[in-house]
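Take a look at this one; I'll ask things after.
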Amino acid sequence: MIVFRTALLAAGLATTLALPACDIKSATASETDPPTAVTTDSATVVAPVAAPVAAAPASIPAASVASAAVIYARPQVPILCYHQIRDWRPRDSKSAKDYIVPVDAFKKQIQMLADSGYHTILPDQLYAYLATGAPLPPKPVMLTFDDTDLDQFTVARPELEKHGFKAVYFVMTVSLGRPKYMSKAQVKQLADEGNVIGSHTWDHHNVKKYQGQDWVTQIEKPTKTLEEITGQKVTYFAYPFGLWNPEAIPELKKRGFVAAFSLAEKRDQQDPLFTIRRIIASGYWTPRTLHNSMVRSF
């Protein structure tokens, strides 16, 4: 499964790099643009920007939700996808290093986002923006983490906290409590701290191959497990390998999901909320390369 996933993720990254730039005001500033600042008698300090409070999707009247065409036409928000945050090892393949981001490289990427004035948003904010045109903070970005790797908690979480950033963690429940993966208590802590926990199936099985009971095994049971752990409703889903098909979307809707995230695959114009694009933040990328990829891809 790991070899197959590596090949697909690498292919997705290559596709992403070939995408044309999308015009979104929040993602076109250079990486040297400073965040908003205020000057006091003693020092210049960064002034925090309060993110708009987003209504939960369930509280938004159906009549207020825009048509698929309007949602599809809205400028995309940059969404980054991370997997492992650890230093490379001799046995790591060239393609694997695309989704293994060395610790120092990760810290520099996050620092670049902070220095460039980006503000992290969470899925409810993104949903409200896409569905109703609700405002977003300046230069929005969403940070997502797939597969439940322990280093997302031990390395990424404290780094994000330094900058007041929040993230979305798409959890693969088969790994909970296993060596080198997060525990249930750590997942709950992330949720309690204001991050969002999303579903990423039971064992990373390709959604395109689901039949019958697979929807229970891979979606229903894992989602219920996450809701029991966090005490919160789980309404966001990330496709394993970023792969989806039109048949999956009504199945996800029936199970209470309001949006789903892919990778570099083309969005569905009929259901853009269930084919929201992300790009893999490659372990090879410098902060400048990451910024340029965000601008070009979104």
Side-chain angles (χ1 to χ4, degrees), residues 24 26-27 50-60 62 64-66 68 71-72 74-83 113 118-137 139-148 152 156-157 160 164-173 187-201 207 219 222-223 226-227 229-240 242 244 248-249 252-253 255-263 265 267-268 271-281 294 298:
I24 178 168
S26 62
V53 177
S59 68
I60 299 175
S64 299
V65 176
I71 293 172
Y72 187 84
R74 294 197 199 281
Q76 297 176 70
V77 172
I79 305 177
L80 304 180
C81 176
Y82 287 96
H83 291 81
L113 295 176
Y118 282 94
H119 298 86
T120 55
I121 65 169
L122 293 174
D124 281 357
Q125 291 170 275
L126 180 66
Y127 180 94
Y129 160 69
L130 292 172
T132 72
L136 292 173
K139 301 184 74 172
V141 64
M142 184 181 290
L143 305 178
T144 69
F145 295 83
D146 287 7
D147 299 350
T148 333
Q152 297 171 7
R157 171 183 161 273
L160 299 188
F165 287 173
K166 299 298 180 183
V168 191
Y169 296 83
F170 289 109
V171 174
M172 181 174 61
T173 55
V187 169
K188 177 171 173 51
Q189 183 175 338
L190 288 171
D192 289 346
E193 291 173 346
N195 301 285
V196 170
I197 303 302
S199 180
H200 197 43
T201 75
V207 168
I219 305 296
T223 301
L226 293 175
E227 291 177 342
I229 291 170
T230 64
Q232 300 175 13
K233 189 70 175 173
V234 173
T235 57
Y236 297 99
F237 179 79
Y239 299 101
W244 60 274
I249 295 174
L252 292 173
K253 290 180 179 179
R255 289 161 175 84
F257 292 97
V258 299
F261 296 78
S262 62
L263 286 173
E265 289 229 329
R267 292 185 295 159
D268 187 339
D271 276 295
L273 289 173
F274 281 79
T275 51
I276 299 172
R277 286 183 57 255
R278 305 181 291 166
I279 61 171
I280 296 172
M294 291 166 62
F298 296 98

Note, Y118 side chain near M294 side chain (heavy atom, < 4.5 Å):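 Heavy-atom side-chain distance check passes, below 4.5 Å.
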CG on L190 to CG on D192, rounded to 0.5 Å: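 If I round to the nearest 0.5 Å, the distance is 9.0 Å.
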Closest contact, heavy atoms only, P75 versus Y129: O-OH, 2.7 Å
Plane angle bin for F145 and Y169 - parallel if under 30°, tilted between 30 and 60°, otherwise perpendicular: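 Plane angle under 30°, so parallel.
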Minimum heavy-atom distance between V258 and P57, given as atom pair plus value: CG2-CG, 3.9 Å
Residue pair D147 / H200, side-chain heavy-atom distance below 4.5 Å: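 Yes, at least one pair of side-chain atoms sits under 4.5 Å.
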Pairwise distance CG(L80) to CD1(I279) - rounded to 0.5 angstrom: 5.5 Å
Candidate pair F165 and V141, rule side-chain contact (heavy atoms from CB on, under 4.5 Å), full reasoning: CA-CA 10 Å; F165 287 173; V141 64; 6.0 Å; no
P140 to P78 - nearest heavy-atom pair and separation: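 Heavy-atom minimum between the residues: O-CD, 3.5 Å.
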Residues forming a salt bridge (charged side-chain N to carboxylate O under 4.0 Å, His left out) with R157, sequence neighbours excluded: E161, E193
D146/F170 under side-chain contact (heavy atoms from CB on, under 4.5 Å): CA gap, chis, key distance, verdict: CA-CA 5 Å; D146 287 7; F170 289 109; 3.5 Å; yes
Approximate separation, where rounding is to 0.5 Å, of I79 CD1 and L143 CG: 10.0 Å
With T235 via side-chain hydrogen bond (donor to acceptor under 3.5 Å, both in side chains) - residues at least two apart: none
T275 (side chain) donor-acceptor with D268 (main chain) under 3.5 angstrom: yes
Residue list, side-chain hydrogen bond (donor to acceptor under 3.5 Å, both in side chains) with K166, at least two apart or on another chain: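 side-chain hydrogen bond (donor to acceptor under 3.5 Å, both in side chains) check on K166 returns nothing, list empty.
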Exercise: identify the closest heavy-atom pair between P240 and V207: CD-CG2, 3.8 Å
Check against side-chain contact (heavy atoms from CB on, under 4.5 Å), I229 and I197: CA-CA 10 Å; I229 291 170; I197 303 302; over 6 Å; no
Q76 side chain vs I276 backbone, donor-acceptor pair below 3.5 Å: no
Close side-chain approach of Y72 to R267, heavy-atom, < 4.5 Å: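 In contact.
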L130 and P272, any side-chain heavy atoms less than 4.5 Å apart: no
P222 side chain near M172 side chain, heavy-atom distance below 4.5 Å: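 The answer is no; the side chains never approach within 4.5 Å.
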Which atom of Q232 lies closest to which atom of A191, heavy atoms considered: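 Heavy-atom minimum between the residues: NE2-O, 3.6 Å.
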Heavy-atom side-chain proximity of Y236 to L126 below 4.5 angstrom: no
Smallest separation among heavy atoms of N195 and A167, with atom names: OD1-N, 3.0 Å
side-chain hydrogen bond (donor to acceptor under 3.5 Å, both in side chains) involving K233 - partner list, sequence neighbours excluded: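 K233 satisfies side-chain hydrogen bond (donor to acceptor under 3.5 Å, both in side chains) with no residue once adjacent residues are dropped.
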Contact check, side chains of I219 and T201, non-hydrogen atoms, under 4.5 Å: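 Yes. Closest side-chain heavy atoms under 4.5 Å.
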Pairwise side-chain contact, L252 with Y239, heavy-atom cut-off 4.5 Å (strictly under): yes
Between CG on residue L136 and CD1 on residue I121, distance to nearest 0.5 Å: 5.0 Å
Straight-line distance of R277 CZ to F298 CZ, nearest 0.5 Å: 5.0 Å
Partner set under salt bridge (charged side-chain N to carboxylate O under 4.0 Å, His left out) for D124, not counting sequence neighbours: none
Modelled atom types, side-chain donor and acceptor of T144 and R278, under 3.5 Å: yes
CZ-OG1 distance between R74 and T132, expressed to the nearest 0.5 angstrom: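 Those atoms lie 7.0 Å apart.
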By side-chain hydrogen bond (donor to acceptor under 3.5 Å, both in side chains) - contacts of T173 (at least two apart):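 With sequence neighbours excluded, T173 shows a side-chain hydrogen bond (donor to acceptor under 3.5 Å, both in side chains) to no residue whatsoever.
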Stepwise side-chain contact (heavy atoms from CB on, under 4.5 Å) test for I249 and F257: CA-CA 9 Å; I249 295 174; F257 292 97; over 6 Å; no
